[in-house]
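Remember, it's a predicted structure, so these values are computed and weren't measured experimentally.
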Amino acid sequence: MKRGRSSKSPIAFIVVIVSISCFLVLILSVLRLPDISFSNGARTTIKLKKLSKIPENGERIGTFATMMIEMLPQDLPFTIFVPSKLAFERDLRLGVNDSLLGEKANDTFAILTRVLSFTVVPWKILSESVPYSREITCDSLSGLKLYVSKDPDETLIVNRIRSKQVDLKKNEIVIHVMDGVIMEADFEQSVRPDDDHDQD
């Protein structure tokens, strides 16, 4: 009896997370926040430019990043700071060959949904909109504060994580590929493997 109840728990968790995410997307799309604030209180309007389109098969950004992007409405303006293929493996221990099979698929989907909430902003942020000498602050869908800045070499830095590629596009979504995973500290602790158990 208990085993059956615990196997339904991850599914219920996923349903709740997806429902909350959809509700937040709906609210934010109605509000349509058009600008973002600098840390000193000044405001700026996001500039538009031609973006590099990602291939339809998602080969350039990886399977997990493609799954995250497909969770978003494609006709609304969003910016997503997706982890690179290496970051998914290194920081979240997610590999395409084993994380999408059997019972692990539910856990993987739950992790991707949670990471999505930390990495999505409900408007377009292009690399050229970020000034060199200032930091832009904005809230992700989960409410996590994102601190966005730019190096002189055009590398975006978000919460101390550097970008690998910037200004990719899928429909209305702006995609920046990051060399790490943007997440809250509590969530990071829950997904990091316990190295002590590995040594026993």
Side-chain angles (χ1 to χ4, degrees), residues 17-54 58 61-62 64-84 87-88 91-92 111-132 134-151 154-185 187-188:
I17 293 296
V18 169
S19 300
I20 290 171
S21 297
C22 290
F23 181 71
L24 285 172
V25 167
L26 181 63
I27 288 175
L28 292 171
S29 65
V30 169
L31 292 177
R32 291 280 199 145
L33 303 173
D35 50 23
I36 51 181
S37 64
F38 290 108
S39 53
N40 67 0
R43 300 186 84 75
T44 184
T45 302
I46 302 303
K47 299 174 189 171
L48 298 177
K49 71 170 189 175
K50 187 143 177 85
L51 304 175
S52 304
K53 212 169 185 181
I54 63 170
I61 59 173
F64 296 121
T66 301
M67 289 171 67
M68 287 174 60
I69 292 163
E70 288 174 353
M71 292 179 196
L72 294 170
Q74 302 295 304
D75 59 340
L76 295 175
F78 287 100
T79 299
I80 182 167
F81 301 97
V82 299
S84 66
F88 276 113
D91 299 343
L92 297 174
I111 290 169
L112 294 180
T113 304
R114 193 73 176 116
V115 171
L116 179 73
S117 73
F118 298 136
T119 59
V120 171
V121 176
W123 55 81
K124 293 180 180 181
I125 299 175
L126 303 173
S127 60
E128 71 176 15
S129 303
V130 180
Y132 292 114
R134 292 202 214 160
E135 190 173 72
I136 295 173
T137 59
C138 51
D139 292 330
S140 70
L141 289 183
S142 71
L144 177 68
K145 276 269 189 248
L146 300 181
Y147 302 94
V148 184
S149 60
K150 183 168 63 176
D151 277 352
E154 301 293 321
T155 300
L156 286 181
I157 302 169
V158 183
N159 293 16
R160 297 190 308 261
I161 297 173
R162 298 175 66 81
S163 65
K164 291 181 74 70
Q165 294 177 296
V166 296
D167 297 336
L168 301 177
K169 178 187 174 197
K170 172 115 191 229
N171 297 323
E172 292 297 310
I173 301 169
V174 176
I175 302 154
H176 304 296
V177 180
M178 309 302 291
D179 189 24
V181 181
I182 300 166
M183 53 187 157
E184 289 178 340
F187 181 74
E188 183 175 358

Measure from the side-chain N and O atoms of [X] to the backbone N and O of [Y], and report whether any donor-acceptor pair falls under 3.5 Å.
X	Y	answer
Ser117	Ser142	no
Ser127	Val166	no
Thr79	Trp123	yes
Asp179	Ser163	no
Ser129	Ile125	no

Could you give the distance from [atom1] ([X]) to [atom2] ([Y]), rounded to the nearest 0.5 Å?
X	Y	atom1	atom2	value
Arg162	Ile157	CZ	CD1	4.5 Å
Leu144	Met183	CG	CE	11.0 Å
Ile175	Ile69	CD1	CD1	3.5 Å
Thr155	Ile161	OG1	CD1	14.0 Å
Leu168	Ile173	CG	CD1	12.0 Å
Ile182	Phe187	CD1	CZ	13.0 Å

| Taking the side chain as C-beta and beyond, is there a heavy-atom pair between Leu76 and Pro122 under 4.5 Å? | no
| said: With heavy-atom distances below 4.5 Å as the criterion, would you say the side chains of Thr119 and Val82 are in contact? | reply: no
| message | Any carboxylate oxygen within less than 4.0 angstrom of a Lys/Arg side-chain nitrogen, looking at Glu172 and Lys124? | response | yes
| request: Please step through side chain to side chain contact (heavy atoms under 4.5 Å, CB included) for the pair Asp75 and Asn171, ending with a clear verdict. | output: CA-CA 7 Å; Asp75 59 340; Asn171 297 323; over 6 Å; no
| message | Counting neighbours of NZ on Lys150 that are heavy atoms of other residues, nucleotides or ligands and sit closer than 6.0 Å, is the number greater than 12? | response | yes
| Nearest heavy atoms of Val115 and Pro83, plus distance in Å | CG1-CG, 4.4 Å
| field | Check against side chain to side chain contact (heavy atoms under 4.5 Å, CB included), Phe81 and Leu146 | value | CA-CA 10 Å; Phe81 301 97; Leu146 300 181; 4.1 Å; yes
| Stepwise side chain to side chain contact (heavy atoms under 4.5 Å, CB included) check, Glu188 with Phe118 | CA-CA 11 Å; Glu188 183 175 358; Phe118 298 136; over 6 Å; no
| Pair Leu112-Met71, side chain to side chain contact (heavy atoms under 4.5 Å, CB included): steps then yes or no | CA-CA 10 Å; Leu112 294 180; Met71 292 179 196; 3.9 Å; yes
